Amino acid sequence: LDIPFDTIEVRGVPKPDWFLKINPRGKVPAIRFPGNYDSDNVIYESAICNEFLCDYATMILGRRDEHVLMPYGDPLERAQIRLLNDYCDSIFLKTQFTFLMNKNETDDGNLADDMETALLIYEEALSRSGGPYLLGKDFTLADVHILPFILRLIVTLRHWKNYELP
């Protein structure tokens with residue numbers, strides 16, 4: 001998106017006091033904008049931060065003609081992106097976490113099946129769009145949103161459950 005930024009790594013629980021003054025909820029990632037934005041305005045939650053940055057690039061920086069991950073001027077595609085992201089957060093992540101945290105090995109098969117079933121929406125999106133990305137030829141916020149979870153799934157489930165994606 002070519003938006004200048006500074007990165008400050010925040011670690012630990014509880015979060016450091018200086019960070020809690022910026023974001024009392026202690027959520028990461030968090031964005032605080034200088035300049036025209038009130039310094040008390042903080043945006044947090046990954047999906048909301050990502051969408052804010054896309055909107056900032058198109059609405060504030062005027063990059064409407066460039067591809068900025070969240071198509072400007074196409075409400076249907078924007079809704080499809082939001083629906084895939086909501087599905088990731090409300091359905092898929094629950095199945096992944098439940099499988100990963102399960103201690104009863106006899107349930108692992110069913111939990112893996114549930115997770116694989118939850119992943120089908122992404123296969124269907126790829127098939128419907130013709131790929132190579134979830135909504136077609138352009139890499140969108142839907143791809144950005146799911147990718148880190150898929151990468152973590154590959155590493156954590158391989159290590160803790162000896163599981164490989166089919």
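This structure is a prediction, so every number in the text was calculated from the model and none was measured. One-based numbering along the sequence shown.
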**OP:** Evaluate the side-chain proximity of Ile81 to Pro71: yes if any heavy-atom separation is below 4.5 Å, no if none is.
**Re:** yes
Subject >> Gap between atom SG of Cys88 and atom NZ of Lys94 - 0.5 Å precision >> reply: 12.0 Å
Subject >> Which atom of Gly26 lies closest to which atom of Leu20, heavy atoms considered >> reply: CA-CD2, 3.7 Å
**OP:** State, with a plain yes or no, whether a side-chain heavy atom of Leu135 is found less than 4.5 Å away from one of Gln80.
**Re:** yes
**OP:** To the nearest 0.5 angstrom, please state how far the CG atom of Leu53 sits from the CD1 atom of Ile43.
**Re:** 8.0 Å
Original post:
CE/Met115 to CG/Asn110 distance, rounded to the nearest 0.5 angstrom?
Top reply: 12.5 Å
**OP:** Examine Trp18 and Val28 and state if one hydrophobic cluster contains both, with Ile, Leu, Val, Met, Phe, Trp and Tyr joined whenever side-chain heavy atoms are less than 4.5 Å apart.
**Re:** yes
**OP:** Check the hydrophobic clustering (I, L, V, M, F, W, Y; side-chain heavy atoms under 4.5 Å; chains of links allowed) and say if Phe97 and Ile146 are grouped together.
**Re:** yes
**OP:** Salt-bridge test for Arg78 and Asp55: reply yes if a basic N is under 4.0 Å from a carboxylate O, no otherwise.
**Re:** yes
Original post:
With distance as the sole criterion, is a donor-acceptor pair present between the side chains of Tyr163 and Glu116 under 3.5 Å?
Top reply: yes
Subject >> Validation row: Lys161, Asn102 side chains within 4.5 angstrom (heavy atoms) >> reply: yes
**OP:** Would you mind reporting whether Glu77 and Met70 have side-chain heavy atoms less than 4.5 Å apart?
**Re:** no
Original post:
Can you check side chain to side chain contact (heavy atoms under 4.5 Å, CB included) on Trp160 and Val155, steps first, answer last?
Top reply: CA-CA 9 Å; Trp160 295 107; Val155 172; over 6 Å; no
Original post:
Ignoring hydrogens and geometry, is there a side-chain-to-backbone donor-acceptor pair from Thr95 to Phe99 under 3.5 Å?
Top reply: no
Subject >> Residues, nucleotides or ligands: over 12 heavy atoms within 6.0 Å of Asn162 CG >> reply: no
Original post:
Thr140 and Asp138: side-chain donor and acceptor closer than 3.5 Å?
Top reply: no
Subject >> Leu157 with Leu147, same ILVMFWY side-chain cluster at under 4.5 Å >> reply: no
Original post:
Is the backbone of Glu123 close enough, under 3.5 Å, to the side chain of Ser127 for a donor and an acceptor to pair up by distance?
Top reply: no
Original post:
Taking all atoms of both residues into account, what is the closest heavy-atom pair of Leu141 and Asn85, and its distance?
Top reply: O-OD1, 3.8 Å
**OP:** List the steps and the verdict of side chain to side chain contact (heavy atoms under 4.5 Å, CB included) for Phe5 and Ile31.
**Re:** CA-CA 10 Å; Phe5 64 93; Ile31 299 172; over 6 Å; no
Subject >> ILVMFWY cluster, Phe139 and Leu83 together (side-chain gap under 4.5 Å) >> reply: no
Original post:
Is a side-chain N or O of Asp143 found less than 3.5 angstrom from the main chain of Leu134, in a donor-acceptor match?
Top reply: yes
Original post:
Side-chain heavy atoms under 4.5 angstrom apart, residues restricted to Ile, Leu, Val, Met, Phe, Trp, Tyr: same cluster for Leu165 and Tyr87?
Top reply: yes
**OP:** Establish, from distance only, whether the side-chain atoms of Tyr44 and Arg25 form a donor-acceptor pair under 3.5 Å.
**Re:** yes
**OP:** Using a 4.5 Å cut-off on heavy atoms from C-beta on, say whether the side chain of His145 contacts that of Asp89.
**Re:** yes
Original post:
Heavy-atom count around Lys27 NZ within 6.0 Å, excluding the residue itself: above 12?
Top reply: no
Subject >> Sidechain-backbone polar pair: Lys15 side chain, Gly12 backbone, donor-acceptor under 3.5 Å >> reply: yes
**OP:** For a side chain to side chain contact (heavy atoms under 4.5 Å, CB included) with Tyr122, tell me which candidate from Leu119, Leu126, Leu120 qualifies.
**Re:** Leu119
Subject >> Shortest non-hydrogen contact from Cys49 toward Pro29 >> reply: SG-O, 3.9 Å
Subject >> Ile121 and Phe92: CA distance, side-chain angles, deciding distance, side chain to side chain contact (heavy atoms under 4.5 Å, CB included) verdict >> reply: CA-CA 9 Å; Ile121 193 169; Phe92 168 65; over 6 Å; no
Original post:
Hey, does Phe149 have a side-chain heavy atom less than 4.5 Å from the side chain of Ile154?
Top reply: no
Original post:
Can you find a pair of side-chain heavy atoms, one from Asp114 and one from Thr98, that are under 4.5 Å apart?
Top reply: no
